[in-house]
Amino acid sequence: MDKIIYMDNAATTMMEDQVFQAMKPYFQEVYANPSSGHGFAARPKQAIRQARQDIAAFVNARPNEIYFTSGGSESVNWAIKGFVGSNKGKGHHIITSKIEHHAVLNTCHQLEKEGFEVTYLDVDEYGSIGLDQLKAAIKDTTILISIMFANNEIGTIEPIGEIGAIAREHNVVFHTDAIQAYGHVAIDVRDLNIDMLSASAHKCGGPKGVGLLYVKSGIEIGSLIHGGHQEQGKRAGTLNVPGIVGFHEATKLAGTEMTTRMGKIRELRDYLIAQVLDKIELAYLNGSPVSRLPNNAHFCFDYVEGESLVVFLDQLGICASSGAACESDSIDPSHVVLAIGRDEDLAYGSLRFSISERTTKDQVDYVVAQLTSIVEKLRKMSPLYQVTIS
Ligand SMILES: *Cc1c(COP(=O)(O)O)cnc(C)c1O
């Protein structure tokens with residue numbers, strides 16, 4: 001058994017060796033600024049051009065519709081603030097959901113302070129956006145719909161094609177936070193009527209600190225960083241060449257291996273879910289049983305706290321999560337788990353495993369056995385549980 005059993009791939013992924021090797025020359029051998037005019041800049045310049053072309057093709061976009069950023073949070077902030085800032089003459093209403101990542105939610109909260117109106121859509125018990133509710137929320141003043149492709153906590157994949165069609169029909173621009181989906185499920189921005197899309201390299205086997213924003217040509221968004229002419233003058237600053245090369249390599253790997261990898265991961269994930277629900281009483285699966293990220297298993301357990309489970313699992317070298325990584329300092333129950341209708345007590349009992357192609361069946365068996373005994377031990381100490389079962 002490896003020292004660390006890593007089941008927190010929704011927080012970040014291990015960088016593939018192939019990705020690391022591809023990045024290496026751009027730190028020391030060919031470190032030229034791709035914007036320079038000399039021949040030494042040719043290789044980094046060509047690497048960026050190829051990355052943009054292949055990454056665009058991966059989501060069926062055009063190269064000039066891809067802007068490289070410092071990561072998912074930046075892309076989301078830019079998409080939403082940049083778009084509404086340039087289009088407030090057309091309206092001031094934004095539609096999003098209650099289960100978005102805080103990159104979206106806190107951006108929307110900030111915009112509310114600046115005078116924009118935001119509707120936060122409810123979700124059903126599986127975490128899916130109701131399409132009728134979305135249609136009903138659209139008004140004359142609606143300029144933007146931002147709904148995540150797949151949820152980072154409970155793994156639900158939203159009906160993106162249907163949302164895109166509704167947005168198109170009502171002439172409203174549609175942005176999706178696809179940070180959990182990119183490299184994990186097939187994305188075709190034209191098929192799905194997606195106008196803007198955010199992705200991040202470190203969630204799909206690439207390096208941290210690099211992401212992308214796709215903006216369909218013809219859609220106006222304001223510049224994020226003023227300065228040089230990089231990224232069509234909209235995001236100035238010397239390009240993160242090794243990072244973009246790493247993102248490119250991770251994308252190429254996803255392009256060739258995604259289907260087989262995800263098939264294998266999904267099978268193991270289904271086994272993990274079945275084992276947990278079989279071995280542990282008063283355990284509930286969160287998120288959709290069908291429309292779900294292949295690597296995600298998310299549960300609520302009665303009479304135990306998710307935080308305690310994470311701590312006890314950690315002592316055994318098992319990495320899991322009781323909420324989003326960026327939220328685990330907070331003691332509030334997850335806004336996502338509350339939004340799917342779990343009561344507050346149960347929401348405190350949340351636990352997420354997000355596996356990868358490196359996860360083995362032996363690891364799953366070990367984790368489920370350990371989790372089962374930890375839950376039993378903790379429940380024995382819970383007076384409420386003792387009263388309930390007696
Ligand atoms: C990780 C994540 C983000 C933030 O991406 P960073 O690259 O870490 O800034 C935003 N949205 C979702 C759904 C995520 O999972």
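Every number for a ligand or one of its atoms is a count from 1 in the order of the listing.
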With the threshold set at under 4.0 angstrom, would you say Val76 reaches ligand 1 through any of its heavy atoms?
no
At under 4.0 Å between heavy atoms, what of Lys203 touches ligand 1? The answer is side chain
Polar contact flag for Asn152 and ligand 1 (N/O pairs, less than 3.5 Å)
no
Closest non-hydrogen protein atom to atom 13 (C) of ligand 1, residue and atom name please, with distance?
Asp177 OD2, 3.3 Å
Ring centroids only, cut at 6.0 angstrom: are His109 and Tyr120 within range, meaning strictly under it?
yes
Side chains of His298 and Ser350: is there a donor and an acceptor less than 3.5 Å apart?
no
Is the Phe40 ring parallel, tilted or perpendicular to the Tyr31 ring (thresholds 30°, 60°)?
perpendicular
How far is atom 3 (C) of ligand 1 from its nearest protein heavy atom, and which residue and atom is that?
His101 NE2, 3.5 Å
Would Arg379 pass as a cation-pi partner of Phe301, given that its NZ or CZ must be under 6.0 Å from the six-membered ring centre and within 45 degrees of the axis?
no
Can an N or O of Ile179 be found at a distance shorter than 3.5 Å from an N or O of ligand 1?
no
Under 4.0 Å to a heavy atom of Gly71 - the qualifying atoms of ligand 1, by number
7 (O)
Minimum-distance protein heavy atom relative to atom 6 (P) of ligand 1
Gly72 N, 3.5 Å
Side-chain H-bond candidate by donor/acceptor type, Asn60 with Arg190, under 3.5 Å:
no
Between His101 (side chain) and Ala103 (backbone), is there a donor-acceptor pair under 3.5 Å?
yes
Is Glu74 close to ligand 1, meaning an N/O of one under 3.5 Å from an N/O of the other?
no
Under-4.0 Å heavy-atom contact with ligand 1, by part of His202 that carries it:
side chain
Closest to atom 7 (O) of ligand 1 among protein heavy atoms sits Ser200 OG, 2.6 Å
Inspect the contact between Glu231 and Arg52 and indicate whether a charged nitrogen and a carboxylate oxygen are less than 4.0 angstrom apart.
yes
With a 4.0 Å heavy-atom cut-off (strictly under), which part of Ser73 contacts ligand 1: side chain, backbone, both or neither?
both
Going by the angle between their ring planes, with limits at 30° and 60°, are His335 and His102 parallel, tilted or perpendicular?
tilted
